[in-house]
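First the structure, in the form of structure tokens, and then the observations on it.
Atoms considered below: every heavy atom in the structure, side chains included; atoms not considered: hydrogens, waters and symmetry mates.
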Amino acid sequence: MKKILPLLILLVFPLVSAQNVFKSQKQIYLAKYYAHLKNDKKALDCYLKAIDFNSKINSYDYLNAAAIAFKLDKRNIAKNLLIKSITKQQAPLDFIKEYKSLKPYQDSKEMKEVLDQYNDFENQYFRELKNPKAYMEIQNLIAKDQLIREEENTFLKLSDKVDSVNITKLKELTIKYGWEPRAWVLLWHHRDSYNENNFVWNFFKPFLQKEIEKDNVNKDFFVDFEEFDNSTSNLQAPAIYELGGIGTLSMNQTYDDIKNLDKRRKSVGLPPLYFGHFLHEMELPKDYQYNPENLLNDLENL
């Protein structure tokens, strides 16, 4: 369970902690809500508010917002969003080129200009790094983490040692520079000991909880760790917050105390379970009750 994770998952995590992380996330939920209703103007407004709160939103959200701006013929805004996806999040060139919602605009003047100047914008990303040394050290740790997981024998021989060295170094860097969200993958390899009394979690749990309280880290940070810990002792254990997450091992596709599920989800910054059905027609549990008329209000008041 501690093998390699796709590197693309790292695009989800902004590189430097910023204030108003959850305030920004709430606006992204609202942007997705309005986009689904084809209210593109409202959706774009919410994406722009999210960026005002936290310019380190993930690459997917920048590109989704750019696609909506193109659709509204707000081409300067679209171009600016594409640029920021690079200067703020280092979105890879091929990732932008192949992004599905941007395909209709690949031949636009704005898209071509951004892609032609990609290297310049990427250099700006590096120039704006608050702690370049921390960035390089974190990237080196992640590179070692992923390298040993590419081959089975190497993984079996070296994973414990490398994971131990990496997490010790990560603790040092976190104390000195603060939390770097892409380092999540390094912490994830210690999920087996999540509820144990050890130097890893005795430091990272209280540190990250304080960052959550300061709105520097999203409220749902520990959800996958809690789900994993909940299901390791019993694969039939019901999920606490969500099914199918990266931390969910449970083979029993049910929820614990479903009447209070949305209350628990709200406590960690997750929208009502119904939101997944609203966006993706996700099948809802038969015992789950929700009034769809409440969705907008619930998203606004997360």
* Is Ile258 reachable from Leu270 through a run of hydrophobic residues whose side-chain heavy atoms are each under 4.5 Å from the next? -> yes
* Straight-line distance of Ser159 OG to His189 NE2, nearest 0.5 Å -> 9.0 Å
* Structure fact -> Asp73 meets the salt bridge (Lys or Arg N to Asp or Glu O under 4.0 Å) criterion, sequence neighbours left out, with Arg75
* **Spatial distance of atom NZ (Lys266) from atom NZ (Lys263) [nearest 0.5 Å]** => 10.5 Å
* To do: For the pair Leu93 and Ile86, evaluate side-chain contact (heavy atoms from CB on, under 4.5 Å) and give the outcome as yes or no after the intermediate values.
  => CA-CA 9 Å; Leu93 179 61; Ile86 306 166; over 6 Å; no
* So does Lys26 pair up with Glu300, basic N to acidic O under 4.0 Å? -> no
* Using a cut-off of 6.0 Å, state whether more than 12 heavy atoms not belonging to Gln236 lie near its atom CD. => yes
* Asked: Passes side chain to side chain donor-acceptor pair (under 3.5 Å), Asn123 versus Asp120? Steps please.
  -> CA-CA 5 Å; Asn123 287 336; Asp120 293 334; 4.7 Å; no
* Asked: Is Lys71 reaching over with its side chain to a backbone N or O of Asp40, donor-acceptor style, under 3.5 angstrom?
  -> no
* To do: Identify the two heavy atoms, one from Asn218 and one from Ile212, that lie closest to each other, and give their separation to 0.1 Å.
  => O-CG1, 3.7 Å
* How long is the span from the CD1 atom in Ile96 to the CZ atom in Phe121, to the nearest 0.5 Å? -> 10.0 Å
* Cluster question for you: counting only ILVMFWY and a side-chain heavy-atom cut-off of under 4.5 Å, with indirect links fine, are Tyr47 and Leu296 together? -> no
* Asked: Under a single-linkage definition using a 4.5 Å side-chain heavy-atom cutoff for Ile, Leu, Val, Met, Phe, Trp and Tyr, are Phe70 and Leu115 assigned to the same hydrophobic cluster?
  -> yes
* **Lys133 and Glu137 ion-paired at < 4.0 Å** => yes
* To do: Return the minimal non-hydrogen interatomic distance between Tyr118 and Pro92, and the atom names on each side.
  => OH-CA, 3.4 Å
* Any salt bridge between Glu213 and Lys210, counting N to O under 4.0 Å? -> no
* **Any residue meeting side-chain contact (heavy atoms from CB on, under 4.5 Å) with Asp262, in chain and number order, not counting sequence neighbours** => Arg265, Pro272, Leu273, Tyr288, Tyr290
* **Heavy-atom closest contact (Gly245 atom, Glu242 atom, distance)** => CA-OE2, 4.3 Å
* Asked: Any idea which heavy atoms bring Arg264 and Ala239 closest together, and the distance?
  -> NH2-O, 4.4 Å
* Name the orientation class of the two ring planes belonging to Phe95 and Tyr60 (parallel below 30°, tilted from 30 to 60°, perpendicular beyond 60°). => perpendicular
* Show your working on ring pair (Phe, Tyr, Trp, His ring centres under 6.0 Å) between Tyr33 and Phe278 and close with a plain yes or no. => CA-CA 8 Å; Tyr33 171 87; Phe278 174 80; 5.1 Å; yes
* Asked: Is the backbone of Lys97 close enough, under 3.5 Å, to the side chain of Gln106 for a donor and an acceptor to pair up by distance?
  -> yes
* Asked: Got a donor-acceptor contact below 3.5 angstrom from the Ser55 side chain to the Ile51 backbone?
  -> no
* Answer yes if Phe228 and Leu186 sit in the same cluster of Ile, Leu, Val, Met, Phe, Trp and Tyr residues linked by side chain heavy atoms under 4.5 Å apart, and no otherwise. => yes
* Asked: Which residue pairs satisfy the ring pair (Phe, Tyr, Trp, His ring centres under 6.0 Å) criterion with at least one member in residues 241-271, sequence neighbours excluded?
  -> none
* Report the C-alpha separation of Lys41 and Asp45 in whole Å, then their side-chain angles, then the decisive distance to 0.1 Å, and conclude whether the salt bridge (Lys or Arg N to Asp or Glu O under 4.0 Å) test is met. => CA-CA 6 Å; Lys41 185 179 182 304; Asp45 287 345; 3.5 Å; yes
* Determine whether more than 12 heavy atoms belonging to other residues, nucleotides or ligands lie under 6.0 Å from atom CD of Gln209. => yes
* Give me the ring orientation class for His277 and Tyr274: parallel if the planes are under 30° apart, tilted from 30 to 60°, perpendicular past 60°. => tilted
* Asked: Taking it one step at a time, do Glu128 and Gln124 satisfy side chain to side chain donor-acceptor pair (under 3.5 Å)?
  -> CA-CA 6 Å; Glu128 292 180 0; Gln124 182 179 337; 2.8 Å; yes
* To do: List the steps, then state whether side-chain contact (heavy atoms from CB on, under 4.5 Å) holds for Phe22 with Asn54.
  => CA-CA 9 Å; Phe22 183 62; Asn54 173 25; over 6 Å; no
* To do: Output the distance between atom CG (Asn166) and atom CD1 (Ile138), rounded to the nearest 0.5 Å.
  => 9.0 Å
* Asked: Can you tell me if NZ on Lys103 sees more than 12 non-hydrogen neighbours from other groups inside 6.0 Å?
  -> yes
* Asked: How long is the span from the SG atom in Cys46 to the NZ atom in Lys32, to the nearest 0.5 Å?
  -> 12.5 Å
* Asked: What do the steps show when you test Tyr135 against Glu180 for side-chain contact (heavy atoms from CB on, under 4.5 Å), and what is the final call?
  -> CA-CA 8 Å; Tyr135 168 85; Glu180 298 280 359; 5.8 Å; no
* Any donor-acceptor N or O pair under 3.5 Å, side chains Asn301, Asn297 -> yes
* Structure fact -> Between Ala65 and Leu44, the two heavy atoms sitting closest are O-CD1, 3.8 Å
* Taking 4.0 angstrom as the limit, do Asp163 and Arg149 come out as a salt bridge? -> yes
* At what distance, to the nearest 0.5 angstrom, does OG of Ser193 lie from NE2 of His190? -> 7.0 Å
* Report yes if the distance between the aromatic ring centroids of Trp201 and Tyr194 is under 6.0 Å, otherwise no. => yes
* Asked: Between Trp184 and Val217, is a side-chain contact (heavy atoms from CB on, under 4.5 Å) present by the stated rule, with each step listed?
  -> CA-CA 11 Å; Trp184 176 90; Val217 170; over 6 Å; no
* Are Tyr177 and Trp179 linked, directly or through other ILVMFWY residues, by side chains that come within less than 4.5 angstrom of each other? -> yes
* To do: Please assess Asp61 against Asn58 for the test side chain to side chain donor-acceptor pair (under 3.5 Å), listing each intermediate value before the final yes or no.
  => CA-CA 6 Å; Asp61 292 322; Asn58 69 58; 3.2 Å; yes
* If you look at every heavy atom in Leu141 and Leu170, which pair is closest and at what distance? -> CD1-N, 4.2 Å
